[in-house]
Amino acid sequence: ALLDAHPESIHARTAFGLTPHDEACQPKAGVNMDPIVEVLDRFKAEQDRLGTTAGGNVDAARVRELENRVVELTARSDVLRDALCDVVHIAAQLKADLVSGKKGS
């Protein structure tokens, strides 16, 4: 839950200079920390991919990349919405033609 609220805390160091991952990797008698280390590894890799730093900032280049991706996806969404509207219009016209054809018979 802490990592969800403060993802930058994956890079935070304790008074002993250890990150959460370092702490989890320290041997503890009778405790299997492998699942926790695995989760921390995946989370840290994701934060590194996003460019999150210890201060919680995201690399400006990564922000531009994400903004460009949002623009691309918005444009694609607009095209799909327009195509769907066309399909609905065609379906309504076909239905109207079908109904008027049955009345004329």
Side-chain angles (χ1 to χ4, degrees):
L2 178 62
L3 291 176
D4 287 336
H6 302 283
E8 70 278 4
S9 66
I10 193 72
H11 300 288
R13 295 196 176 273
T14 65
F16 300 106
L18 301 173
T19 64
H21 184 270
D22 298 336
E23 290 275 355
C25 288
Q26 289 186 345
K28 293 164 185 61
V31 179
N32 180 9
M33 296 296 286
D34 291 342
I36 294 171
V37 170
E38 183 180 327
V39 168
L40 290 173
D41 283 340
R42 286 195 316 255
F43 188 83
K44 185 174 183 318
E46 178 67 13
Q47 293 306 306
D48 290 345
R49 187 183 70 75
L50 292 174
T52 306
T53 63
N57 300 325
V58 177
D59 182 40
R62 181 66 177 150
V63 170
R64 280 191 303 280
E65 176 187 337
L66 292 173
E67 287 172 343
N68 291 339
R69 185 71 175 139
V70 167
V71 169
E72 290 172 15
L73 291 173
T74 300
R76 184 178 296 173
S77 172
D78 291 344
V79 168
L80 291 173
R81 184 190 65 234
D82 292 345
L84 184 57
C85 286
D86 291 344
V87 168
V88 168
H89 179 71
I90 291 168
Q93 186 62 44
L94 288 173
K95 182 178 179 182
D97 292 348
L98 192 65
V99 168
S100 67
K102 285 183 180 179
K103 287 182 183 178
S105 298

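Quick note: residue numbers are just sequence positions, from 1.
Other residues, nucleotides and ligands contribute only 12 or fewer heavy atoms inside 6.0 Å of the NZ atom of Lys95.
Residue Cys25 forms a side chain to side chain contact (heavy atoms under 4.5 Å, CB included) with just one option from Asp34, Val37, Asp41, Leu18, and that option is Val37.
Cluster annotation: Val31 and Ile36 are assigned to the same hydrophobic cluster (Ile/Leu/Val/Met/Phe/Trp/Tyr, side-chain heavy-atom contacts under 4.5 Å, transitive).
No donor-acceptor pair under 3.5 Å is formed between the side chain of Lys44 and the backbone N or O of Arg42. Between the Ser77 side chain and the Leu73 main chain, no donor and acceptor come within less than 3.5 Å of each other.
Taking OG1 of Thr74 as the reference point, atom CZ of Arg81 lies at 10.5 Å (rounded to 0.5 Å).
With sequence neighbours excluded, no residue forms a side chain to side chain donor-acceptor pair (under 3.5 Å) with Glu67.
Between the side chains of Glu72 and Asn68, not a single donor N or O lies within less than 3.5 Å of an accepting N or O. Remark: the Thr19 side chain and the Asp22 side chain contain an N/O donor-acceptor pair separated by less than 3.5 Å.
Counting Ile, Leu, Val, Met, Phe, Trp and Tyr side chains that sit under 4.5 Å apart, directly or through other members, Ile90 shares a hydrophobic cluster with Leu94.
Closest approach of Lys28 and Glu23 over heavy atoms only: NZ-O, 2.6 Å.
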